[in-house]
Amino acid sequence: MNMAKQKKFNIPRKKGKETNWKNLNRSILWRIKAAKRKKETAKYSAFFQKKLKHCPICNNKQYQTFVIIYGYKYAECKSCGHIFMQPPLDLKAVRHMYSGGKKSSMQDKIYINNENLFKKRIKQIATPKVEYCNGIIKKKGVWIDIGCGVGEMLIAAEKTGWKVFGIEPDLREVKFAKQHGLNVAQDFITTDNAEQLRDADVVSLISVLEHINNPSEFLQNIVNALPRNAYVIIEVPRHPSLSSFVNLVFPNLAYRHIHSPEHLHIFTEKSLATMFSRARLKAVGMWEFGQDVSDLILLAAANASKKESQFIGMIYKLVPDLQKVVDEKSMSDTIFIVTKKF
Ligand SMILES: [Zn+2]
């Protein structure tokens with residue numbers, strides 16, 4: 001990929017995010033333990049499909065290995081730069097992981113049954129995203145969050161006047177969301193049941209597409225069911241980003257971004273643009289942010305078996321300012337993008 005041409009969207013960009021890094025409690029030791037858990041999960045989730053013959057997004061046949069994480073190979077497309085697990089996970093295995101069965105928990109369910117953290121995440125993470133969308137989408141209607149988890153986005157959207165509905169495969173998360181008064185169905189969206197989206201004004205896919213075997217087809221199915229001018233809000237991990245570099249140099253401590261077996265895709269602006277044009281979506285605004293610098297410092301310390309100290313604390317205090325630089329250069333690890341069906 002021509003890295004100089006990584007910027008594809010000529011649309012308003014919001015840069016960076018106010019994050020209270022302390023509150024999220026990602027200490028060095030916590031990160032080492034999280035990586036260890038990932039490694040374990042990776043061992044018993046290794047069910048693969050046939051090797052892909054081409055990039056799953058742009059279909060280009062040329063790719064190269066980017067990094068190997070816990071025995072899972074990630075390839076980088078030479079045309080669009082998209083990173084994909086090669087061979088990809090078996091879809092059935094993926095479904096099992098996300099339906100809350102035994103040995104199925106792939107994500108750290110850190111906030112289930114943790115009321116305080118749940119409230120904190122609504123305030124710090126979901127509300128700013130909803131407010132960003134409200135700045136673009138003027139008329140409020142029905143907002144459906146696909147892969148809604150415990151429902152943070154739904155609660156934040158409801159508070160600002162949206163009628164909300166959630167779809168989530170994980171039983172425990174559905175239960176938690178329902179306990180908080182949300183209307184959530186335990187389900188996967190497929191071509192057979194996508195028609196339930198026909199009245200949606202907004203569909204959000206927050207950290208969903210990277211977990212799916214064929215994100216382009218999945219997105220197309222969703223958009224096909226939507227009325228014209230409906231909005232689709234997407235949040236995905238981005239490549240190239242500083243976090244991709246962190247995974248490249250510390251593959252044994254991978255816990256987020258390029259990490260197996262959860263993430264099958266890391267998107268470039270170019271691969272997103274290909275998916276959007278195929279699905280008849282037009283990008284209207286994007287927000288770029290990430291945890292790149294925090295990750296870099298924590299993993300460098302963890303890799304050298306260093307414990308937290310006053311000195312490392314001083315280095316860690318640089319995170320907000322350094323992250324701003326990364327955001328400014330469009331090298332942060334997350335893209336949050338608002339698109340509209342045309
Ligand atoms: Zn490609």
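Since we're looking at a predicted model, the values are computed, not measured. Just so you know, these numbers use all the heavy atoms, side chains as well, and skip hydrogens, waters and symmetry mates. In each ligand, atom 1 is the first atom listed, and ligand 1 is the first ligand listed. We number each residue from 1, following the sequence as shown.
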(request) Among Pro88, Ser45, Pro251, find the one that has a side-chain contact (heavy atoms from CB on, under 4.5 Å) with Tyr72. (result) Ser45
(message) Short of 2.8 Å from the Zn ion (ligand 1), name each protein N/O/S atom, waters not counted.
(response) Cys55 SG, Cys58 SG, Cys77 SG, Cys80 SG
(request) Report the relative orientation of the aromatic rings in Phe267 and His82; use parallel for angles under 30°, tilted for 30 to 60°, perpendicular for over 60°. (result) perpendicular
(message) Can you classify the ring geometry of Phe289 versus Phe336 as parallel (below 30°), tilted (30 to 60°) or perpendicular (above 60°)?
(response) tilted
(request) Run through Lys43, Arg37, Lys38, Lys36 and flag the one making a salt bridge (charged side-chain N to carboxylate O under 4.0 Å, His left out) with Glu40. (result) Lys43
(message) For a quick test of reading the model, state the closest non-hydrogen atom pair linking Asp192 to Glu195 and the distance between them.
(response) O-OE1, 3.1 Å
(message) Consider ring-ring contact (aromatic ring centres under 6.0 Å, His included). Of Tyr63, Phe66, Tyr74, which one does Phe84 pass it with?
(response) Tyr63
